[in-house]
There are 2 protein chains.
Amino acid sequence: MEYTIKGLADLAGVSTRTLRYYDEIGLLKPKRINEAGYRIYGPDEVDTLQQILFYRELGVSLDEIKRIITDPDFNPEQALLDHREKLRARKAQIELLLENIEKTLNQLKGGKPMTDQEKFAGFKKKLVEDNEKAYGAEARKRWGDDAVDESNKKLLNMTEEQYQELEKLTAELNETLKKAMETGDPASPLGQKTAALHKEWLTFFWKEYSKEAHAGLAKMYVADERFKAYYDKIQDGAAEFLRDAIHIYTDKTNE
Amino acid sequence: MEYTIKGLADLAGVSTRTLRYYDEIGLLKPKRINEAGYRIYGPDEVDTLQQILFYRELGVSLDEIKRIITDPDFNPEQALLDHREKLRARKAQIELLLENIEKTLNQLKGGKPMTDQEKFAGFKKKLVEDNEKAYGAEARKRWGDDAVDESNKKLLNMTEEQYQELEKLTAELNETLKKAMETGDPASPLGQKTAALHKEWLTFFWKEYSKEAHAGLAKMYVADERFKAYYDKIQDGAAEFLRDAIHIYTDKTNE
DNA sequence: CCTTGACCTTTCCGTTACGTCAAGGTGTAT
DNA sequence: ATACACCTTGACGTAACGGAAAGGTCAAGG
């Protein structure tokens with residue numbers, strides 16, 4: 001099937017100006033030009049336009065799209081799989097915004113107030129994209145740790161200030177844990193200060209604190225390899241020490 | 001809570017440049033300017049920015065947003081309800097695109113081929129918006145029948161050509177129906193031609209044709225007030241006549 | 001006290017992805 | 001033969017910022 005410029009434009013729901021522009025920048029050249037100078041598009045161009053629109057829909061710049069689809073290694077199937085992932089992420093974002101609306105409506109009707117943070121949940125589209133790019137170890141090499149940390153911070157929806165406070169608290173926690181381990185006793189004042197700091201640290205991530213959950217997390221610190229490795233890097237046996245300290249801490253405040 | 005420009009920017013996930021621009025165009029003025037000339041934002045500005053971002057997310061121009069939120073009749077709750085509707089529509093559009101991807105992937109793997117129309121299903125975002133605006137009888141007054149017809153055509157995902165063919169066919173069907181009714185006999189050649197034309201007309205909307213479904217639709221034409229009114233406007237009793245003609249037609253080709 | 005470094009200001013030019021004329025050629029249905 | 005709906009190439013306009021220049025402000029640390 002062959003199309004004139006308006007035929008293809010109507011088919012795809014874009015303007016003829018758009019198709020001429022795509023021709024101009026070399027993104028989508030017509031299959032041929034007829035005697036009268038008209039642009040004639042064929043089946044291949046139809047499929048390419050479909051791919052272009054998928055990328056455009058996802059906010060990729062035309063320049064980038066051109067780079068991608070003219071790449072000799074371009075794999076249409078993989079591209080579609082990528083699109084699917086992105087679209088699912090976008091769907092999730094919309095669901096976040098819908099939740100946000102429900103909360104805001106609730107607040108308007110005299111329900112519980114929202115924090116300023118919550119008011120902007122779901123809007124950080126670009127940041128989510130950045131995170132996607134930054135995902136994985138390879139990203140750290142390509143953009144450096146700073147970029148990845150930046151992205152994480154944004155994902156956590158924190159202000160600069162809060163993030164710095166978290167960093168400080170993390171450092172203090174690790175420092176105190178190290179010192180406490182020198183005493184060798186999880187029940188010692190330093191050991192218990194570590195547990196208290198850990199509770200404070202947790203409030204950055206948890207909406208509500210409960211002793212049970214805290215104690216449960218402590219157990220997991222030893223059971224889960226990833227957590228264990230993180231704490232053992234500070235000092236060998238740190239995960240176990242922290243677990244014990246937390247258990248004593250949560251038991252103590254229980255009575 | 002008060003924020004400096006970067007504080008609010010970080011909170012909302014926008015750039016400071018964006019906030020300065022919003023100030024410049026009068027969309028979001030800071031609560032006050034301090035002695036040093038710094039922009040200081042308060043709680044009201046936080047809430048306004050949230051509303052702005054909702055509208056922006058939905059593709060409303062900043063000019064339009066300004067008009068909306070400075071309107072003395074502006075109702076924040078109604079606005080949120082509107083946002084919710086739009087977001088749900090967008091979610092539906094994404095689901096359409098996801099279906100499109102599945103189909104395209106299936107075709108790549110040697111599954112059944114897609115029509116060129118299908119390849120662009122889900123992309124007509126602007127057209128869907130237009131349709132939303134054009135929805136309801138009031139819209140016909142405001143934009144005229146042409147605009148609404150245009151929108152309908154696009155929604156049906158037809159090319160200009162196909163649409164013209166449909167219009168022609170519709171006219172021919174109505175014409176033939178009128179003439180056939182003069183004979184008074186649904187079984188007459190003209191009556192049967194009407195039924196045949198109706199079948200052809202149906203293929204514009206149905207993916208697959210079956211005599212049973214066709215006969216069923218004919219019954220509905222009489223039972224459903226809306227359909228009955230449409231055909232009776234052509235001539236009184238037209239719905240019944242067409243139903244009978246179709247029943248004879250589908251019975252005949254049955255044997 | 002003085003210097004850093006992260007903030008803040010205004011001004012101005014650049015960019016992307018087209019929309020919108022303008023001025024003219026083409027194709028075909030009546 | 002004349003509409004009328006197509007097509008062409010310029011060329012200018014636009015929205016919503018990004019980014020750089022040139023400079024003022026402020027809290028923290030040596």
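Since we're looking at a predicted model, the values are computed, not measured. In what follows, chains carry the letters A, B, and so on, assigned in the order in which the sequence lines appear, proteins first and then strands, with residues in each chain numbered from 1.
- When rounded to the nearest whole Å, the span between CG of Leu53(B) and C1' of dC17(D) equals 14 Å.
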Distance-only check: which donor-acceptor pairs under 3.5 Å involve side-chain atoms of residues 13-20 of chain B, not counting sequence neighbours?
{"residue": "Ser15(B)", "atom": "OG", "partner": "Arg17(B)", "partner atom": "N", "Å": "3.4"}
{"residue": "Ser15(B)", "atom": "OG", "partner": "Thr18(B)", "partner atom": "N", "Å": "3.0"}
{"residue": "Ser15(B)", "atom": "OG", "partner": "Thr18(B)", "partner atom": "OG1", "Å": "2.9"}

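- Atom CD1 in Ile5(A) sits about 16 Å away from atom P in dG27(C), given to the nearest Å.
- Judged as a ring pair (Phe, Tyr, Trp, His ring centres under 6.0 Å), and not counting sequence neighbours, Tyr22(B) has no contacts.
- Interface residues of residues 14-42 of chain B facing DNA chain C, ordered by number: Arg17(B), Arg20(B), Gly37(B), Tyr38(B), Arg39(B); criterion, heavy-atom separation under 4.0 Å.
- Protein atom CD of Glu57(B) is 14 Å distant from nucleotide atom P of dA16(D), rounded to whole Å.
- A side-chain N or O of Gln78(B) and one of Asp82(B) form a donor-acceptor pair less than 3.5 Å apart.
- Under a 3.5 Å cut-off, the side chain of Lys91(A) and the backbone N or O of Leu98(B) do not form any donor-acceptor pair.
- Counting to the nearest Å, the P atom of dC26(D) and the NZ atom of Lys6(B) are 18 Å from each other.
- Within the shown strands, dA20(D) is the pairing partner of dT11(C) under the Watson-Crick or G-U definition, both distances less than 3.5 Å.
- Taking atom NZ of residue Lys66(A) and atom C1' of nucleotide dT16(C), one finds them 14 Å apart after rounding to whole Å.
- For the pair Leu8(B) CG and dC7(C) C1', the interatomic distance rounds to 15 Å; values are reported in whole Å.
- Not one N or O on the side chain of Thr183(B) forms a donor-acceptor pair closer than 3.5 Å with the backbone of Lys179(B).
- Of the charged side-chain nitrogens involved, at least one lies within less than 4.0 Å of a carboxylate oxygen, so that Lys6(A) and Asp10(A) count as a salt-bridged pair.
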